[in-house]
Student: 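Quick one: the structure is below, questions incoming.
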Amino acid sequence: MKKRDMYRRILFVMLVGFFLMFSMLLLVILNLTGLVDFGKTVHEHHIYLADGLKEKSYVLPETTASDSLPALPLFYAGHSAPNGSGEIQDRGQHYDSMLLFFNAKDREWGPGHQTHGYYGIDVSHWQNVIDWQAVKNDSLPHPVSFVLIKATQGAKATDPYFRRNWAAAGSQGLIKGAYHFYQYKDPPLDQARHFISQVTLQTEDVLPIVDVELDCTHCTRPEISDNLLIKNLGIYLEAIENHYRVKPIIYTYEAFYQTHLKGHFEEYPYWMARFSSKPPAEFHLFRDSISVPEVAMWQFTDSGKIPGIPGKTDMSFLPASLRDRILIPK
């Protein structure tokens, strides 16, 4: 009986071991295929359209017929940062951390600069109706000085809150900019024409912005080759530059830049996302002629809390020395 019990225990341990190994292998396979995701914090950031659906018109609450979006149902896409990344969400905490990182607390910033930099937000219809006066009046611990507003997406979609946000932010005296969410499968010239048809820029507005990141669910890379991505994005940028007579800003996040864009478009200013207490490697507080590309703005969180905006919003930092770099000159 003792030997039989011992064999049973051995068999039980072996079966448990095989079950655990099979479960771990299954989880690894599911993670690699994108069916499940573990070990990451997903930052839902931008919006893209589902493929294969027919267009329809609808009017969101508190919008007029002219604000309606003739487009497909909207979904959320974004990038992720590992757990424990040290993401900073509060402006005051970010400001102190940033100054310490650059050892800049006692450095002279030049005549006329009473601040080391400026804080801004980027918004889309995801934020719903915004109380822009409350946003403007928020000054603690640092005021919101600029706002980057989603205008268009792909070759057809227009954000239904763009016109309202654009007019209201301007009426509050905020520096404003417009961005286009780039979609790889749409013809680049059609995308450029669409953005141009919706966005009129003036001096002291932010340069036109193109948002380049993953635009598909459960994918780990663009659904086109890097060569085609670079070629088509170059066509889009050239068309935007020819129309507005300025070089547009490229928004992306650090990992996407390193994997797909590095070595290209380095003459363009960047708005770079890195949800961490440490800035992107190319980000500097002062302009120099060595670092490429030039990262003019650092998006440090997608979890900022701003009066007048329901829920969370992305926040970015613009060094005072780079303010003129991102604006359309007079």
Side-chain angles (χ1 to χ4, degrees), residues 33-35 37 40-56 69-81 122-127 148-162 177-199 208-240 248-262 264-265 268 270-275 299 302 313-314 316:
T33 58
L35 295 177
D37 188 17
K40 292 182 178 180
T41 301
V42 175
H43 294 277
E44 290 186 334
H45 180 213
H46 286 295
I47 303 164
Y48 68 95
L49 300 174
D51 293 329
L53 298 177
K54 294 183 179 179
E55 293 188 2
K56 64 178 181 179
L69 174 61
L72 310 175
L74 294 172
F75 300 88
Y76 296 100
H79 49 276
S80 42
D122 57 281
V123 299
S124 69
H125 85 276
W126 173 237
Q127 276 70 38
L148 309 173
I149 303 169
K150 181 176 181 181
T152 54
Q153 175 176 306
K156 296 180 179 180
T158 301
D159 191 283
Y161 283 89
F162 170 65
Y179 72 87
H180 171 78
F181 187 75
Y182 186 84
Q183 294 196 278
Y184 313 114
K185 292 182 178 180
D186 285 0
L189 282 179
D190 289 351
Q191 296 193 64
R193 293 187 188 107
H194 180 45
F195 180 83
I196 290 167
S197 72
Q198 299 297 317
V199 178
I209 302 169
V210 58
D211 178 344
V212 186
E213 56 181 290
L214 294 179
D215 69 344
C216 47
T217 53
H218 304 303
C219 62
T220 58
R221 57 159 294 112
E223 295 177 301
I224 60 175
S225 69
D226 281 351
N227 287 339
L228 187 56
L229 167 62
I230 297 303
K231 176 184 176 182
N232 287 347
L233 182 56
I235 293 171
Y236 175 89
L237 291 170
E238 183 179 8
I240 294 295
I249 295 170
I250 299 175
Y251 168 87
T252 191
Y253 56 98
E254 193 173 44
F256 192 95
Y257 168 78
Q258 294 290 340
T259 305
H260 304 291
L261 300 179
K262 190 171 184 178
H264 305 277
F265 313 120
Y268 291 86
Y270 276 74
W271 168 27
M272 191 84 76
R274 184 179 186 185
F275 298 157
Q299 186 188 76
D302 68 346
T313 189
D314 303 333
S316 297

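None of the values given here were measured: they were computed from a predicted structure. In what follows, every heavy atom counts, from backbone to side chain, and hydrogens, waters and symmetry copies are set aside.
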Student: Would you mind reporting whether F265 and Y270 have side-chain heavy atoms less than 4.5 Å apart?
Tutor: yes

Student: If I compare all heavy atoms of R221 with all of L214, which pair ends up nearest, and what's the gap?
Tutor: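 Residues R221 and L214, closest heavy atoms: C-CD2, 3.4 Å.
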
Student: Compare all side-chain heavy atoms of V199 with those of F162 and state whether any distance is below 4.5 angstrom.
Tutor: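 Yes; the side chains approach each other to less than 4.5 Å.
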
Student: Using 30° and 60° as the class limits, which term best fits the ring planes of H125 and Y161: parallel, tilted or perpendicular?
Tutor: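 Plane angle under 30°, so parallel.
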
Student: Would W271 and D122 satisfy side chain to side chain contact (heavy atoms under 4.5 Å, CB included), going step by step from the backbone distance to the final call?
Tutor: CA-CA 11 Å; W271 168 27; D122 57 281; 3.5 Å; yes

Student: Can you tell me how far CG of D314 sits from CG of D302, rounded to the nearest 0.5 angstrom?
Tutor: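 Separation between the atoms: 5.5 Å.
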
Student: Decide yes or no for Y184 and L229: does some side-chain heavy atom of the first lie under 4.5 Å from some side-chain heavy atom of the second?
Tutor: yes

Student: Under the side chain to side chain contact (heavy atoms under 4.5 Å, CB included) criterion, do L261 and D226 qualify, and how do the steps go?
Tutor: CA-CA 8 Å; L261 300 179; D226 281 351; over 6 Å; no

Student: Looking at every non-hydrogen atom in both residues, tell me the closest pair between Y268 and P248 and how far apart they are.
Tutor: CD2-O, 3.3 Å

Student: For the pair F256 and H260, name the ring-plane relationship: parallel under 30°, tilted 30 to 60°, perpendicular over 60°.
Tutor: tilted

Student: Using a 4.5 Å cut-off on heavy atoms from C-beta on, say whether the side chain of Y253 contacts that of E213.
Tutor: yes

Student: Sub-3.5 Å donor-acceptor pair from the side chain of H194 to the main-chain atoms of A157, do we have one?
Tutor: yes

Student: Would you please name every residue forming a side-chain hydrogen bond (donor to acceptor under 3.5 Å, both in side chains) with E254, sequence neighbours left out?
Tutor: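 For E254, the residues satisfying side-chain hydrogen bond (donor to acceptor under 3.5 Å, both in side chains) (neighbours in sequence not counted) are R274.
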
Student: Inspect the contact between D211 and K150 and indicate whether a charged nitrogen and a carboxylate oxygen are less than 4.0 angstrom apart.
Tutor: no

Student: Would you kindly say whether Y251 and Q299 are connected by a side-chain donor-acceptor distance under 3.5 Å?
Tutor: yes

Student: Do the non-hydrogen side-chain atoms of Y182 and D215 ever get within less than 4.5 Å of each other?
Tutor: no

Student: Under the 3.5 angstrom rule, does the side chain of Q258 hit a backbone N or O of A255 as a donor-acceptor pair?
Tutor: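 Judged by distance alone, no pair lies under 3.5 Å.
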
Student: List the steps, then state whether side chain to side chain contact (heavy atoms under 4.5 Å, CB included) holds for V123 with T313.
Tutor: CA-CA 7 Å; V123 299; T313 189; 4.0 Å; yes

Student: Indicate yes or no: at least one non-hydrogen side-chain atom of K231 is less than 4.5 angstrom from one of N227.
Tutor: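 Not in contact.
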
Student: Compile the donor-acceptor pairs under 3.5 Å between side chains in residues 232-240 and protein atoms, sequence neighbours left out, one pair per line.
Tutor:
none

Student: Kindly compute the distance separating CD1 (I209) from CG (L148), expressed to the nearest 0.5 Å.
Tutor: 4.5 Å

Student: Does a donor on one side chain sit under 3.5 Å from an acceptor on the other, for H180 and T152?
Tutor: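 A pair is found: one side chain offers a donor N or O, the other an acceptor, under 3.5 Å apart.
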
